[in-house]
Amino acid sequence: MPTLYLSLGTNLGDRRANLDRALSFIAREVGTVVSASDRIETAPWGFDSANSFLNMAVKVETELSPLEALHVTQDIERRLGRSGKTVNGQYRDRVIDIDLLMYFMSDGTPAKMDTPELTLPHRLMRQREFVMKPLAQIAPELLNI
């Protein structure tokens, strides 16, 4: 079965509850949550805010294609209260953010995509400690890919 790695982040409201609700939706609508990292507190990245983030990484076995997973996770974000996505690198506070990091086909081959809608692997993941530190907890073998 294909495997999907996600990064989750939140810096508004009850951050722990936001992540718990997102995980619940992911388990119901994206696939089986195989593992989840610890939640780490981080400073905002790419913008100034008084609100720190709570971030984590998740490994999911899914039957969804990468684009299907993207659409489902974006819908989850909206239902949890996210009102807009980042446009032209303009980041802002958010109730929840779910990013697709990497997707592996059933045979273990990493999916590579570069479209206006989705880039896999995520093009900025290696620049973001708030992504790489939790990902290292659940999939240290991915740090060298």
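Side chains included, hydrogens not; waters and symmetry mates left out as well; all remaining heavy atoms used. The structure displayed is predicted, hence computed values, not measured ones.
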Worksheet entry | Where A69 and L100 come nearest, the two heavy atoms and their spacing | CB-CD2, 4.1 Å
Fill in: Nearest atoms (heavy-atom pairs only) where A22 meets L8
CB-CD2, 3.8 Å
Discussion item. Within this structure, what is the CG-OG distance for the pair N11 and S49, rounded to the nearest 0.5 Å?
Written reply: 5.0 Å
Discussion item. Could you check whether D38 pairs with K133 (Lys NZ or Arg NE/NH1/NH2 to Asp/Glu carboxylate O, under 4.0 Å)?
Written reply: no
Discussion item. As a quick check of understanding, evaluate side-chain contact (heavy atoms from CB on, under 4.5 Å) for L23 and V58, giving each step before the final call.
Written reply: CA-CA 9 Å; L23 281 172; V58 180; 3.5 Å; yes
Worksheet item: Under 3.5 Å, is there a donor-acceptor pair between the side chain of N55 and the main chain of F130?
Response: no
Discussion item. Rounded at 0.5 Å granularity, tell me how far CE in M102 sits from CG in L6.
Written reply: 12.5 Å
Fill in: Shortest non-hydrogen separation from G9 to F53 and the atoms involved
C-CD2, 4.2 Å
Discussion item. Between I96 and L12, is the side-chain contact (heavy atoms from CB on, under 4.5 Å) condition met? List the steps.
Written reply: CA-CA 8 Å; I96 193 70; L12 293 176; over 6 Å; no
Practice prompt. Quick one: pull up CG in L70 and CG in L4 and give me the separation to the nearest 0.5 Å.
Written response: 10.0 Å
Discussion item. Could you check whether R94 pairs with E77 (Lys NZ or Arg NE/NH1/NH2 to Asp/Glu carboxylate O, under 4.0 Å)?
Written reply: no
Fill in: Backbone of E68 reached by a side-chain donor or acceptor of S65 within 3.5 Å
yes
Worksheet item: Tell me, do M56 and L19 make a side-chain contact under 4.5 Å, heavy atoms counted?
Response: yes
Discussion item. Would you say CZ of R28 has more than 12 non-hydrogen atoms from neighbouring residues, nucleotides or ligands within 6.0 angstrom?
Written reply: yes
Worksheet entry | Over 12 non-hydrogen atoms of neighbours within 6.0 angstrom of CD in Q137 | yes
Item to complete: Take T119 and M113 through the side-chain contact (heavy atoms from CB on, under 4.5 Å) test and state the conclusion after the steps.
Response: CA-CA 5 Å; T119 300; M113 293 182 69; over 6 Å; no
Worksheet entry | pair F25-L80: side-chain heavy atoms closer than 4.5 Å | yes
Fill in: Nearest-0.5 Å distance that lies between atom CD in E29 and atom OG1 in T73
10.5 Å
Worksheet item: Are V60 and I26 close enough that some pair of their side-chain heavy atoms sits under 4.5 Å apart?
Response: yes
Discussion item. Ignoring hydrogens, what is the shortest heavy-atom contact between L135 and A57? Give both atom names and the distance.
Written reply: N-CB, 3.7 Å
Item to complete: Identify the heavy atoms of A139 and Y5 that sit nearest to each other, and give their distance.
Response: CB-CE2, 3.6 Å
Worksheet entry | Side-chain donor-acceptor pair present, D99, S7, cut-off under 3.5 Å | no
Worksheet item: Does a side chain donor of either E61 or T32 reach within less than 3.5 Å of an acceptor in the other side chain?
Response: no
Practice prompt. First locate atom CG of L54, then atom CD1 of I40, and finally report the distance between them rounded to the nearest 0.5 Å.
Written response: 8.5 Å
Discussion item. side-chain contact (heavy atoms from CB on, under 4.5 Å) for D75 and H71? Distances and angles first, verdict last.
Written reply: CA-CA 6 Å; D75 186 57; H71 296 150; over 6 Å; no
Worksheet entry | Any side-chain heavy-atom pair of P2 and M105 under 4.5 Å | no
Discussion item. Would you say L64 ends up clustered with V33 if hydrophobic residues are merged whenever their side chains have heavy atoms under 4.5 Å apart, either directly or through other cluster members?
Written reply: yes
Worksheet item: Taking everything shown except E41 itself, do over 12 heavy atoms lie less than 6.0 Å from its CD?
Response: yes
Worksheet item: Under 3.5 Å, side chain of T62 to main-chain N/O of V30, donor-acceptor pair present?
Response: yes
Worksheet item: Ignoring hydrogens and geometry, is there a side-chain-to-backbone donor-acceptor pair from D97 to T10 under 3.5 Å?
Response: no
Discussion item. I need the minimum non-hydrogen distance between V95 and G81, along with the two atoms involved.
Written reply: CG2-O, 4.1 Å
Worksheet entry | Residues that, via side-chain heavy atoms closer than 4.5 angstrom, fall in one hydrophobic cluster with M1 | none
Discussion item. Side-chain heavy atoms nearer than 4.5 Å, only ILVMFWY residues, links allowed to pass through others: does that put I76 and L118 together?
Written reply: yes
Response to the item:
CG of D114 to CG of L120, rounded to nearest 0.5 Å, is 9.5 Å
